[in-house]
Protein chains: 4
Amino acid sequence: MCPQAYLLLIMGFQDVREYTNRLFSPNDGGRVGYVTDWFIMLLIISNVSAVILSTVDAIYEPYTWFFRTFEIFSLTVFTIEYVARVWSAVEDDEYSGVVVGRLRFASRPLLIIDFLAIAPFYIAFTGIGLDLRFLRALRLIRLFRLLKLARYSTAVQTLGWVFKDRKEKLVIALFTNGLLLVVASSVMYFIESVAQPGEFSSIPATMWWGVAALTTVGYGDMYPVTMAGQFVGAITAILGNGMFALPASILAAGFIEAAENELDERKQCLHCGKAVRPEDLDEVE
Amino acid sequence: MCPQAYLLLIMGFQDVREYTNRLFSPNDGGRVGYVTDWFIMLLIISNVSAVILSTVDAIYEPYTWFFRTFEIFSLTVFTIEYVARVWSAVEDDEYSGVVVGRLRFASRPLLIIDFLAIAPFYIAFTGIGLDLRFLRALRLIRLFRLLKLARYSTAVQTLGWVFKDRKEKLVIALFTNGLLLVVASSVMYFIESVAQPGEFSSIPATMWWGVAALTTVGYGDMYPVTMAGQFVGAITAILGNGMFALPASILAAGFIEAAENELDERKQCLHCGKAVRPEDLDEVE
Amino acid sequence: MCPQAYLLLIMGFQDVREYTNRLFSPNDGGRVGYVTDWFIMLLIISNVSAVILSTVDAIYEPYTWFFRTFEIFSLTVFTIEYVARVWSAVEDDEYSGVVVGRLRFASRPLLIIDFLAIAPFYIAFTGIGLDLRFLRALRLIRLFRLLKLARYSTAVQTLGWVFKDRKEKLVIALFTNGLLLVVASSVMYFIESVAQPGEFSSIPATMWWGVAALTTVGYGDMYPVTMAGQFVGAITAILGNGMFALPASILAAGFIEAAENELDERKQCLHCGKAVRPEDLDEVE
Amino acid sequence: MCPQAYLLLIMGFQDVREYTNRLFSPNDGGRVGYVTDWFIMLLIISNVSAVILSTVDAIYEPYTWFFRTFEIFSLTVFTIEYVARVWSAVEDDEYSGVVVGRLRFASRPLLIIDFLAIAPFYIAFTGIGLDLRFLRALRLIRLFRLLKLARYSTAVQTLGWVFKDRKEKLVIALFTNGLLLVVASSVMYFIESVAQPGEFSSIPATMWWGVAALTTVGYGDMYPVTMAGQFVGAITAILGNGMFALPASILAAGFIEAAENELDERKQCLHCGKAVRPEDLDEVE
């Protein structure tokens, strides 16, 4: 940190803001920006691991102080990151107004995720609404920090593109599967609720069976016992095997195609060594 | 509703019938027909949701009056829709006879579905055969209204085409899977019925296990416990994984192809904004 | 039957044998052969249905006389069919010797199946070895009659071709899956047998869990409870999802290709109306 | 063995070493090398079978002497094989130094596997650390001998190439699935731990459910019982069906392609009759 702090002191205010902006712009921060990226990614993953491990009593109870200190440290870093991003945003011509520009920048999806990753925890510190349920919910909200990874992860971006590209086909497949679930569950309810009124108590309750049968999970907590019910259950399982694999096949075809077309043709940025996609270049030029 | 009612009054009888016919013809009702389509689709989905929710006692009991009122309202709308469709059908040259034309129109599959969506409920109102079993069955029949969606849904239509197009391959795959089910269940019955005569009591009973094993649902209510039974069960699961995915793969290949060839090349109708397929255009010309 | 019987009487011995041979030759029996084919196919399917239904006590006990009569009838027909096939085989130049030719004809795979479909039942009638276990096994052997369908079913033939065509790839995939099963089951046994010595009692016993996990059937009769066991179980399930779908994908790809290349290009025989494949024509010419 | 032993005696030292080297070089041992290969493969498979069967008490206890003798025999053969390989390695120009060359040869992955397949058992014979836990672990280590098959198996090699070739896509798919597992398990824990604090006791514990749901194994030992939990469980199962099939599809596509491109085009070696891939030829020239 020392050489960086030294740099900030001898540079003028304008230079500091410009440097900060470059630091947090993807593909444009040079070597230092590369290090910042990896540091924040590591911190996000450590944070999520901490949330996961903190639910194990045998780990959380003896190390409570560590989890608390780590949370305060993470919150500080994410706050500095957020403030620095919003403060230096005006360097970009697109967000040039001192207040309006920064507000427009702060309302971008990725910045809203950054905001949600820190804001709720300040409410907790002020002591407003500090009941147990809220504190419980806070832990879950901390998982939102995973979404911050979207800025760095090409995996999530590729998946986003595939979903967009195959949207229409996915909607058709999901709609058909929804129909199948409604029909299978309704028919099963009318057949099986006589023999097992406790398990197959209503159509929404039977839908839990329907999902388990159609996706072939088959937990075994609900299953038909009458001959008619088992016949419908057999048809449902066979149809589910055929129809619930459709979204998977559509996604897989899209994903394989996207990975072949786009990931293979991408080039490395000469400045930061990061992968650059043709679309990214078009946007900048 | 007011401007429409006003229009009906100032137009002559002929005009009213022509206007009604246009209103219910897909892709030919202009802006009003578009609204009618969406209104009926919404009503169908609300109806199915009502059937589903009405099976939950905690929801049905305090709101019985709402479910009854909504059913009467839906029945009225579907009756008006059905009568209007049949009455105005004679406007179409294809169904020009006053009685014969209307009967021929009423015997089309989509119109029979429309009829089944209303007729049974009038029987219920007349009080004939009003025992509990019949009332129970009525609720299930109300789900038939979902089939009315087929008129509007391209998803169901696309699926229909795919099934037709791949019929031969699907028949081969299903026949082979049927053979596999019969053989696996029979062998398992002869092996396992000695150790578990209660569960594996007959070949049809063992088929319930067979479907669960071959589709990899695996409820866990029936499974072999002898070594020979587990060996056959292992072979069955491995074969099932390979063979029962065949219809899924055939459907998926057909579906992806159909979606690519046909949905992507379809054009929008200039009059109603709806998607029009090349086949549709050929039929009209 | 009358016109056929009449025909046999007025024809000479040579003609009867030639006619019989034509009757049972696929694609060469004209209209009568077509009827014979369908009659035997129907009888096979009825036989298998009878075997399946006869295991249900509630059906078998009141109708025992029917099942017995039907079995005697089927056995008679299949015997006549077998004798007629072997007797008339000498008409074919390939099997021209009176004894040697018929023996060579009888040792073809399809004829052996025909033999196995009748021979064991004559042993039962002679009363040799008539203990209960043998009678039980006879019922299972009756299912072999399903294999007689292979002569008529293009589905089974297509599948046979696909298996042959993709044999090498299937062997690689199955060998890899075998390795995966051995490794996963062995590791799981060494980890889990300490906590659950009853369930995970040996590696072969753990393989039953391994197959259920890798094929994603998951009966729920065996599952790891220790943390290390669940970790290995999770890896196993994820790998199984990826690897045990390979034979399915290979078969599906082969099946779809075979169906497209071969079934679509086949032509109808002008004489019998049956589908003829290019290979069939080459063989005859 | 006799003619071989005779040969070794009449040949000089140099010739023996050269002959030994040729014997263990794949594709270069002529007819004798071919026999050696098959003998070692058979011994590996017998060894693994012995490990598997030795865990069944009913088989191990009466035949303990056989399992022990077979282990000593295998260990002797594998030791001779390892020593012969390392000793004769200097014949190859690449590993020409008497000590350095042999050490470089011994540090190749396949040779390390060979070493691990024998070394631990000598420690056991020396009596150092002979507690029960160590002896238990030895049995598991014996399974490492399976890895020795990698030298001979084109299946494992093809799979290795596919993994390498599709590495990037597999990493993206696995990363996305990891995210899905973390999010689904965390959300389920926060919803379901109130109703079932024993089963859904922490996020890592809930991940066991998450894997079973996403891979559609569904053991049935853990499942949500609250309505909110079942809703999240349904979404999880549907997403899992779509996303956890991705690595399978990527592998399958790569495997089928690799099998088609490479296995079909391979040629037979004129000397040993083994399959030779274009890459293998390039490496030698």
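Only a predicted model underlies this, so the values are computations on that prediction, with no experimental measurement involved. Each chain gets a letter, A, B and so on, in the order the sequences are listed, and its residues count up from 1.
- Scanning both residues, B/W208 and A/P224, for their nearest heavy atoms gives CH2-CG, 3.5 Å.
- Heavy atoms of B/I52 lying under 4.5 Å from chain A belong to its backbone as well as its side chain.
- Heavy atoms only, all atoms of each residue included: B/L146 and A/V182 are closest at CD1-CG1, 3.9 Å.
- Other residues, nucleotides and ligands contribute only 12 or fewer heavy atoms inside 6.0 Å of the CZ atom of A/F231.
- Annotation for B/Y63: atom OH does not count as buried by contact number, only 12 or fewer foreign heavy atoms lying within 6.0 Å.
- Looking at A/V225, there are no atoms closer than 4.5 Å to chain B (heavy atoms on both sides), in backbone or side chain.
- For A/S186, the parts sitting under 4.5 Å from any heavy atom of chain B are the backbone and the side chain alike.
- The OG1 atom of A/T216 sits 12.5 Å away from the CG atom of B/L214 when rounded to the nearest 0.5 Å.
- Of the residues considered (A/G240, A/G233, A/P204), A/P204 shows the highest number of contacts with chain B, using heavy-atom pairs under 4.5 Å.
- For a residue to count as touching a neighbouring chain, one of its non-hydrogen atoms must lie under 4.5 Å from one of that chain's; by this rule B/V211 touches chain A with the side chain only.
- At a 4.5 Å heavy-atom cutoff, the contact between A/M222 and chain B is made by backbone atoms alone.
- By the 6.0 Å contact criterion, CZ on B/F115 is open, its count of non-hydrogen atoms from other residues, nucleotides or ligands being 12 or less.
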